[in-house]
Amino acid sequence: MSVSPARIPLVDLKASYARHRAGIDAAMAEVIENTRFIQGRELAEFEASFAAFCGTRHAIGVGSGTAALHLVLHALGVGPGDAVAVPSHTFIATAEPITWLGATPRFVEIDPETGGMDTAALKSVIGDVKVVMPVHIHGQPVDLAGIAALAADAGVPLVEDAAQAHGAEYTLGTGETVRAGGYSVAGCFSFYPGKNLGAFGDAGAVTTDDDDFAAQVRMLRDHGRTTKYEHEIIGFAHRMDTLQAAVLGVKLSTLDADNDRRRDLAAAYTRQLAGVGDLAPLSEAPGRRGVFHHYVVRTAHRDELLAHLHAAGIGAGIHYPLPLHLQPAYASLGVRRGDLPETEAFAAQCLSLPIYPELTTAQQERVVAEVEAFFARVS
Ligand SMILES: *Cc1c(COP(=O)(O)O)cnc(C)c1O
C-alpha cells in the first residue's frame with residue numbers, strides 16, 4: 001500500500017508561525033504583561049516601521065483592510081450621489097465601504113495581462129467619479145503612473161487598494177521606484193492572516209505622505225478623539241489592537257526576504273509550466289515588480305484542473321470566481337453579464353496555485369507534476 005503524500009495547502013500559516021515563533025511569543029507576552037492592549041507602544045513602533053517599508057511619511061494602524069478603505073473614503077468626503085471607480089475583479093471589501101457611505105462603485109474593466117484596472121477603460125469614466133481606486137490585485141502593481149496622470153488631469157484623488165501588494169514596486173518614468181501605497185493620496189493595506197504580511201486576526205493600515213490627511217485618519221479611527229475626553233468629529237472604532245501590532249512588527253522584519261522567495265517561486269512556476277497545455281501565467285509588465293500574493297494562471301480547463309489538484313491533495317484556489325458586478329449583493333446596480341467581458345473571462349479561467357515563502361522546491365515540483373499529469377490527459 002502506498003502512502004499518499006502530504007497535502008500541500010494554498011497558504012501555510014502554521015509554517016509561518018513556526019519560523020517566527022520565538023519572536024512572536026515574546027512580543028505578545030510583553031504586551032500582555034504590560035496590559036497595553038489599546039494604542040500601546042508596539043502600535044506606534046509598527047506604524048513607523050511599516051511607513052519606512054512603504055516609503056511613506058505615515059502609516060496608521062487600523063482594525064482591518066476594509067476599515068482602512070472605509071476611513072480613507074470617508075476622509076475624502078465620499079457620500080451619497082458620488083461614484084468611485086474600482087475594478088470588478090477584486091474582493092468585495094474594495095467596494096463595500098463605498099456602498100456604506102451611500103456612494104456607488106463604478107466598475108472599470110481590467111487589463112487581461114495583469115488583472116488590474118485598465119487605464120484606457122478608466123479614461124471613459126473619470127469625469128463621473130469622486131475617487132479613483134485601483135487594486136494591485138494578486139500583488140501585481142497596476143499602471144500607477146498612467147492612472148495617476150489621468151486622475152491628476154481630472155482633479156480626482158487616487159487611492160490604492162494595496163491589500164494584496166505589501167512591498168510591490170513600480171518604477172516611474174523618472175527612474176524613481178515607489179512601493180504600493182506610496183504613490184497616491186492614501187494606500188490601504190490588509191493584514192488578514194493569509195496576506196503577504198498577516199496578523200493573528202484582523203488588522204490593516206493606511207499609508208499617506210500628507211500630514212493633515214494622516215491626522216484626520218488617526219482621529220477617525222479612534223472615535224474622532226483629540227484627547228481622551230474630547231471628540232472633535234464623529235469617528236469610528238477602527239483601531240488596530242496592540243497584540244496585532246506586536247505580531248506584525250516581528251513578521252515585518254522578514255517581509256522583503258519573504259517577497260523575494262515568492263518571486264523566485266513564481267519564476268520557477270512560470271519556467272516549468274511554459275508550454276504545458278493552454279496555461280498562461282499573468283505577465284509582469286515592464287517596470288513593475290509584483291509580490292505574488294497569488295500565483296495565477298489562466299486556462300480554459302480551469303474547473304477540471306482545480307478538481308484534479310484537489311483530488312491530488314493540492315490546495316489550489318480561485319481568486320475570484322464571481323466578479324463584483326455579478327454578485328447578488330450588487331444586482332441592484334444593473335450591471336449585467338456581458339458588460340465587462342475581460343473581467344468575466346478572467347473570472348472563468350483563473351486558478352491560483354500554492355505560493356507562500358515556506359513552500360519547498362520539492363512541494364512546488366509536486367504541484368507542477370500534477371498540473372503536467374492533468375494536461376497529459378486532456379490534450
Ligand atoms: C483582503 C482584502 C481587502 C480587505 O481586507 P480585510 O483586512 O480582510 O478587511 C480589501 N481589498 C482586497 C483586494 C483584499 O484582498
Side-chain angles (χ1 to χ4, degrees), residues 10-11 13 46 50 59-74 84-101 105 107-108 110 114-117 131-142 144 147 158-168 180-181 184 186-207 217 221 236-241 243-245 247-248 251 259 262 282 290-296 317-325 327 329-330 343 346-347 350 352 355-356:
L10 186 60
V11 287
L13 299 181
F46 171 69
F50 193 65
I60 300 125
V62 298
S64 67
T66 313
L69 295 160
H70 187 206
L71 290 172
V72 164
L73 295 173
H74 181 93
V84 177
V86 289
S88 177
H89 173 59
T90 181
F91 179 55
I92 196 165
T94 303
E96 281 173 313
I98 300 168
T99 309
W100 297 343
L101 292 164
F107 296 123
V108 179
I110 56 166
T114 62
M117 183 183 277
V131 173
V132 173
M133 192 162 75
V135 181
H136 302 301
I137 194 84
H138 313 306
Q140 296 302 320
V142 295
L144 256 183
I147 290 173
L158 171 65
V159 172
E160 295 164 73
D161 181 338
Q164 301 185 0
H166 324 67
S184 56
C188 300
F189 288 88
S190 166
F191 305 121
Y192 184 83
K195 297 285 161 77
N196 287 33
L197 179 61
F200 282 7
D202 281 309
V206 174
T207 53
V217 171
R221 79 169 165 185
F236 302 90
H238 278 344
R239 295 173 302 226
M240 180 196 287
D241 291 339
L243 276 170
Q244 301 301 349
V247 171
L248 291 167
K251 293 174 84 173
N259 282 340
R262 284 175 184 267
L282 286 194
V291 290
F292 293 91
H293 175 56
H294 303 130
Y295 182 81
V296 177
I318 303 178
H319 303 96
Y320 297 89
L322 194 61
L324 300 190
H325 71 286
Q327 292 287 349
Y330 277 124
T343 296
F346 197 108
C350 64
S352 306
I355 194 161
Y356 46 89

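Numbering of ligands and ligand atoms starts at 1, following listing order. Remember, it's a predicted structure, so these values are computed and weren't measured experimentally.
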Which residue and non-hydrogen atom of the protein lie closest to [atom], and at what distance in Å?
| atom | value |
| --- | --- |
| atom 7 (O) of ligand 1 | Ser190 OG, 2.6 Å |
| atom 9 (O) of ligand 1 | Thr66 OG1, 2.4 Å |
| atom 15 (O) of ligand 1 | Gln164 NE2, 2.8 Å |
| atom 11 (N) of ligand 1 | Asp161 OD2, 2.9 Å |
| atom 12 (C) of ligand 1 | Ala163 CB, 3.4 Å |
| atom 14 (C) of ligand 1 | Lys195 NZ, 3.2 Å |

Decide whether the shortest distance between a heavy atom of Thr90 and an atom of ligand 1 is less than 4.0 Å.
yes
Could you check whether any heavy atom of His293 sits closer than 4.0 Å to an atom of ligand 1, since that is the contact criterion I want to use?
no
Counting heavy atoms only, which of Pro193, Gly201, Ala93, Gly63 is nearest atom 10 (C) of ligand 1?
Ala93
Has ligand 1 got any nitrogen or oxygen that is less than 3.5 angstrom from a nitrogen or oxygen of Gly65?
yes
Please identify which atoms of ligand 1 are closer than 4.0 Å to at least one heavy atom of Val135.
13 (C)
Thr94: numbered ligand 1 atoms lying under 4.0 Å from its heavy atoms
11 (N), 13 (C)
Pairing residues for Arg221 by the salt bridge (charged side-chain N to carboxylate O under 4.0 Å, His left out) criterion, not counting sequence neighbours:
Glu47
For the backbone of Ala203 and the side chain of Gln244, can you confirm whether one donor and one acceptor N or O come within less than 3.5 Å of each other?
no
For Leu13, does its backbone N or O pair with a side-chain atom of Tyr356 as donor and acceptor, under 3.5 Å?
no
For residues [X] and [Y], establish whether the separation of their ring centroids is below 6.0 Å.
| X | Y | value |
| --- | --- | --- |
| His89 | His138 | yes |
| Phe236 | His70 | yes |
| Phe191 | His166 | yes |
| His319 | Phe91 | no |

When you look at CZ of Phe346, are more than 12 heavy atoms from neighbouring residues, nucleotides or ligands closer to it than 6.0 Å?
yes
